[in-house]
Asker: 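The structure follows.
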Amino acid sequence: MDRYTRVMKTDPLVKEFDYNIEYIHSYAQDSKFFTSLGMGILLGSECKKCNYRYGTYRKYCMFCGSETDDINLPLTGKIHSFTTCYYSGENFINETPYTLILVEFEGIDSLFMSRLVNKENKNVYIGMPVRAKFRRLQKFDVNDVYFVPA
Amino acid sequence: MAYKSRNVYMISGGLTKFRKYNYDEDFRLNVKNAVDYALRDIKMDIGDIDGSVSAYFSDHFLGQLIAGAMTNDYIGMSGKPSKRIEGGGATGGLAFQTAYEEIASGNMETCLVYGFENMSHVNTWRGNDLIALGSDSNFDYPLGGFYTAYYALMATRHMHEFGTTERQMALVSVKNHNNALHNPFAQAPMKINVDDVLNSPVVSTPLKMLDICLMSDGAAAAILASEDAAKSFSDKPVLIKSIGASSDTMRLADRTFGDVPLLPNETKNDYKNLKYPGVHSFKAGRLAAKMAYERAGIKNPEKEVDFAELYDAYTSAEIQAYEDMGFCRYGDGGKFIEEGRPNIDGDIPVNMEGGLQASGHAIGATGIMQAVYAFWQLQGNISRHFGNNNLQVKNHNTGIIHSHAGTGAYETVTVMEAV
């Protein structure tokens with residue numbers, strides 16, 4: 001590591017220790033969910049055995065362990081809960097304030113967490129109709145889908 | 001579930017003061033100070049301990065792996081069996097239960113469990129980010145890398161479902177910060193009122209700065225023993241009456257909508273139209289409490305539990321925990337604090353020493369810190385350790401300690417009893 005050494009204190013001796021990791025992150029069995037976002041498709045899952053319908057993609061049912069089928073989720077739903085963040089983790093601090101929502105879909109048993117892009121963060125409420133939008137230039141993360149007021 | 005074991009006692013506990021940063025003592029010395037405190041208090045030697053369990057949450061905070069082994073030799077336990085337990089915010093609670101299992105199973109006669117975290121080695125924003133890696137890194141973390149947001153989503157829904165208010169949440173913060181004024185181990189004692197909390201900067205609606213726990217440097221240690229060992233080392237052991245644990249989905253979005261697992265003092269009619277837990281409540285907390293109560297023979301926690309150390313990482317979470325623990329019905333948590341019932345002079349005091357809000361949250365240490373506080377309460381020894389008796393609860397026969405990982409992905413409840 002060929003860079004400067006930053007000493008912050010001498011008694012006790014405190015120095016900066018820079019340790020970065022470039023992860024090779026594989027979406028593995030979840031890959032199809034992320035590639036589908038580029039085609040404007042929001043995938044959920046349905047258990048072949050117990051027919052539970054998941055609003056967040058997973059390849060195996062958490063109740064019976066059976067493999068699930070992919071299903072297309074509706075692109076409209078309602079806000080189940082929400083929060084507007086004025087602080088965040090370091091990697092997202094420049095994106096504040098942002099609003100996170102849990103979306104409920106008609107006929108689907110569980111929820112989906114996403115960002116709500118809205119002109120006015122104050123006008124968000126539980127039960128508010130929202131619709132999915134997709135990033136035109138994919139970054140291949142879960143923010144390739146986001147929601148706006150319907 | 002089969003459940004039969006030897007009796008397990010806690011015979012001593014020790015703490016360091018929790019601080020925002022401590023660059024003078026590293027994690028090894030922090031643990032040593034906590035362990036020495038516990039040994040001194042009972043006149044035991046480190047050689048009297050059969051083995052240890054170490055508890056710390058994140059390898060990222062220190063940039064040091066296998067830190068448990070480093071600590072173990074530093075305190076003079078080299079050669080003895082030792083293992084590390086990790087489970088998010090429940091790390092300390094889980095490790096305490098693991099030490100219990102070491103004694104209950106007959107594997108050890110005496111067992112030391114210690115927890116630590118030195119969170120000051122990264123800045124607060126990076127700390128938030130690292131903690132958020134404890135959420136699904138495909139579906140949750142990239143949305144904002146922020147645990148407060150997940151708890152805020154739950155708080156928003158709790159308010160919607162039950163009418164809980166931000167003022168009621170603020171009352172929790174006021175109680176815990178003011179309690180901590182009398183606790184010399186606490187990181188952030190503060191004389192504050194409801195308006196101070198409501199006017200503190202908004203972090204993630206509805207949660208504000210003073211609704212949220214601290215990041216801390218600190219350590220805690222507890223010594224557990226079999227009945228024979230407890231008799232030979234202590235004249236005032238505390239019985240660990242039972243342990244309970246449960247788990248729930250890591251992703252908040254995967255939470256189910258079913259029926260409430262009832263405690264003996266509740267009926268189906270109490271919750272006719274409630275879809276449970278959704279994201280308003282912590283099912284793992286309820287199931288952990290149910291297991292611990294059944295094993296301890298507690299039929300009505302509202303009457304039989306004298307005090308509790310609850311996981312108040314957020315004020316909303318303490319209100320939710322009143323309900324999960326069965327201190328009141330689901331939906332009545334806000335009223336519970338409004339009526340002053342968890343206050344030091346209430347009928348079920350909660351987080352008398354300041355909780356995670358004000359005493360501090362050095363993650364791996366926290367569950368063990370709770371056990372130490374509960375132990376001192378049950379012994380009636382608060383004044384000896386705090387130098388004043390303001391936080392000693394009047395009734396101190398039965399107490400519980402409770403911790404969370406994630407948004408309740410793991411939860412533990414342990415019942416402790418004066419002997």
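In the text below, chain A, chain B and the rest are named by the order of the sequence lines, each starting its count at 1.
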Asker: How are the rings of Y141(B) and F92(A) set relative to one another: parallel (under 30°), tilted (30 to 60°) or perpendicular (over 60°)?
Answerer: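 Perpendicular.
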Asker: Name the region of F63(A), side chain, backbone, both or neither, that has any atom closer than 4.5 Å to a heavy atom of chain B.
Answerer: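 Answer is side chain: those atoms of F63(A) sit under 4.5 Å from chain B.
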Asker: For M62(A), is it the side chain, the backbone, both or neither that has a heavy atom under 4.5 Å from a heavy atom of chain B?
Answerer: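 Interface part for M62(A): side chain.
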Asker: What closest approach, in Å, do S137(B) and H25(A) show between heavy atoms, and which atom pair accounts for it?
Answerer: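 Looking at all heavy atoms of both residues, the closest pair is OG-CE1, 3.7 Å.
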Asker: Apply side-chain contact (heavy atoms from CB on, under 4.5 Å) to residues Y98(A) and L143(B) and explain how you reach the verdict.
Answerer: CA-CA 9 Å; Y98(A) 57 82; L143(B) 293 169; over 6 Å; no
Asker: Using non-hydrogen atoms and a 4.5 Å limit, figure out which bit of Y57(A) sits close to chain B: side chain, backbone, both or neither.
Answerer: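 For Y57(A), heavy atoms of backbone and side chain both lie under 4.5 Å from chain B.
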Asker: Can you tell me if CG on D259(B) sees more than 12 non-hydrogen neighbours from other groups inside 6.0 Å?
Answerer: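 Not more than 12 within 6.0 Å, no.
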Asker: Tell me, for I93(A) versus chain B, whether the close heavy atoms (under 4.5 Å) come from the side chain, the backbone, both or neither.
Answerer: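 Contact with chain B is through the side chain of I93(A) alone.
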Asker: Picking from M113(A), E95(A), K9(A), which has the most non-hydrogen pairs under 4.5 angstrom with chain B?
Answerer: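 Ranked by heavy-atom pairs under 4.5 Å with chain B, first place is M113(A).
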Asker: For the ring-ring contact (aromatic ring centres under 6.0 Å, His included) test, which of F146(B), W125(B), Y147(B) pairs with Y87(A)?
Answerer: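 It is W125(B), the one option of F146(B), W125(B), Y147(B) that forms the ring-ring contact (aromatic ring centres under 6.0 Å, His included) with Y87(A).
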Asker: Is a donor on one side and an acceptor on the other found under 3.5 Å between the side chain of Y23(B) and the backbone of V14(A)?
Answerer: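 The answer is no, because no donor-acceptor pair under 3.5 Å joins these two groups.
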Asker: For L13(A), is it the side chain, the backbone, both, or neither that has a heavy atom closer than 4.5 Å to a heavy atom of chain B?
Answerer: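 For L13(A), no heavy atom lies under 4.5 Å from chain B.
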Asker: Highest number of heavy-atom pairs under 4.5 Å with chain A: which of G144(B), G145(B), G63(B), A152(B)?
Answerer: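 Highest number of heavy-atom pairs under 4.5 Å: G144(B).
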Asker: Is it the backbone or the side chain of H80(A) that comes under 4.5 Å from a heavy atom of chain B, or both, or neither?
Answerer: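 Interface part for H80(A): both.
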Asker: Mind running side-chain contact (heavy atoms from CB on, under 4.5 Å) on D254(B) and R58(A) for me, showing each step along the way?
Answerer: CA-CA 10 Å; D254(B) 284 339; R58(A) 61 189 298 142; 3.1 Å; yes
Asker: Heavy atoms only: give me the nearest T56(A)-A253(B) pair and the separation to one decimal.
Answerer: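 Closest approach of T56(A) to A253(B), heavy atoms only: OG1-CB, 3.4 Å.
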Asker: Testing the 3.5 Å rule here: is there a donor-acceptor pair between the side chains of T83(A) and T156(B)?
Answerer: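 Note: T83(A) and T156(B) side chains miss the donor-acceptor criterion.
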Asker: Is D136(B) in contact with chain A via its backbone, its side chain, both, or neither, using a 4.5 Å heavy-atom distance?
Answerer: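 No part of it gets close to chain A.
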Asker: Please state whether the side chain, the backbone, both or neither of Y125(A) comes within less than 4.5 Å of a heavy atom of chain B.
Answerer: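 Interface part for Y125(A): neither.
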Asker: Heavy-atom count around R167(B) CZ within 6.0 Å, excluding the residue itself: above 12?
Answerer: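 No, CZ of R167(B) has 12 or fewer neighbouring heavy atoms, counting only those of other groups under 6.0 Å.
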Asker: Answer with side chain, backbone, both or neither: which region of T249(B) has an atom nearer than 4.5 Å to a non-hydrogen atom of chain A?
Answerer: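 Only the side chain of T249(B) comes within 4.5 Å of chain A.
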Asker: Near F34(A) CZ, under 6.0 Å, is it more than 12 heavy atoms from other residues, nucleotides or ligands?
Answerer: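 Atom CZ in F34(A) is crowded, with more than 12 foreign heavy atoms closer than 6.0 Å.
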Asker: Using non-hydrogen atoms only, which part of R251(B) is less than 4.5 Å away from chain A: side chain, backbone, both, or neither?
Answerer: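 Only the side chain of R251(B) comes within 4.5 Å of chain A.
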Asker: In terms of heavy-atom pairs under 4.5 Å, which option from Y52(A), Y54(A), Y146(A), F82(A) contacts chain B the most?
Answerer: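 Max contact count across the listed options: F82(A).
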Asker: If you measure from OH on Y19(A) to NE2 on H60(B), what distance do you get to the nearest 0.5 Å?
Answerer: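 The OH atom of Y19(A) sits 9.0 Å away from the NE2 atom of H60(B).
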Asker: Between D30(A), D11(A), D141(A), who has the most heavy-atom pairs with chain B when the cutoff is under 4.5 Å?
Answerer: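 The candidate making the most pairs under 4.5 Å is D30(A).
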Asker: Do V122(B) and E90(A) make a side-chain contact, defined as non-hydrogen atoms from C-beta onward lying under 4.5 Å apart?
Answerer: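 No; the side chains remain at least 4.5 Å from each other.
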Asker: Going through the checks in order, is the side-chain contact (heavy atoms from CB on, under 4.5 Å) test met by H121(B) and F17(A)?
Answerer: CA-CA 9 Å; H121(B) 291 224; F17(A) 167 43; over 6 Å; no
Asker: N91(A), L100(A), D109(A), V103(A): which one forms the most heavy-atom pairs within less than 4.5 Å of chain B?
Answerer: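 That would be N91(A).
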Asker: Of all of T205(B), V279(B), N128(B), D140(B), which one pairs up most often with chain A through heavy atoms under 4.5 Å apart?
Answerer: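 Heavy-atom pairs under 4.5 Å are most numerous for T205(B).
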Asker: Could you tell me whether the side chain of S81(A) and the main chain of M154(B) form a donor-acceptor pair under 3.5 Å?
Answerer: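 Between the backbone of M154(B) and the side chain of S81(A) there is no qualifying donor-acceptor contact (under 3.5 Å).
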Asker: With distance as the sole test, does N143(A) use its side chain to make a donor-acceptor pair with the main-chain N or O of P142(B) at under 3.5 Å?
Answerer: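 Checking the backbone N and O of P142(B) against the side chain of N143(A), a donor-acceptor pair under 3.5 Å is found.
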Asker: Would you check if R255(B) and L111(A) make a side-chain contact, meaning some heavy-atom pair closer than 4.5 Å?
Answerer: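 In short, these two side chains do not touch, never coming nearer than 4.5 Å.
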Asker: What part of F257(B) is in contact with chain A, defined as an atom under 4.5 angstrom from a non-hydrogen atom: side chain, backbone, both or neither?
Answerer: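 Contact with chain A involves the side chain of F257(B) alone.
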Asker: Between A132(B) and chain A, which part of the residue has a heavy atom less than 4.5 Å away: side chain, backbone, both or neither?
Answerer: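 Interface part for A132(B): neither.
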Asker: Answer yes or no: does atom CG of L137(A) have more than 12 heavy-atom neighbours from other residues, nucleotides or ligands under 6.0 Å?
Answerer: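 No, because the 6.0 Å sphere around CG of L137(A) holds 12 heavy atoms or fewer from other groups.
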Asker: Around atom NZ of K17(B), are there more than 12 heavy atoms of other residues, nucleotides or ligands at under 6.0 Å?
Answerer: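 Yes, the 6.0 Å shell around NZ holds more than 12 heavy atoms from other groups.
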Asker: Rounded at 0.5 Å granularity, tell me how far OG in S110(A) sits from CG in L252(B).
Answerer: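 The CG atom of L252(B) is 11.0 Å from OG of S110(A), to the nearest 0.5 Å.
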Asker: Would you find more than 12 non-hydrogen atoms of other residues, nucleotides or ligands less than 6.0 Å from K48(A) atom NZ?
Answerer: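 Buried by this count: over 12 neighbours within 6.0 Å.
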Asker: In terms of heavy-atom contacts, does NZ of K59(A) have more than 12 from other residues, nucleotides or ligands at under 6.0 Å?
Answerer: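 Counting neighbours around NZ of K59(A), more than 12 heavy atoms of other residues, nucleotides or ligands fall under 6.0 Å, so yes.
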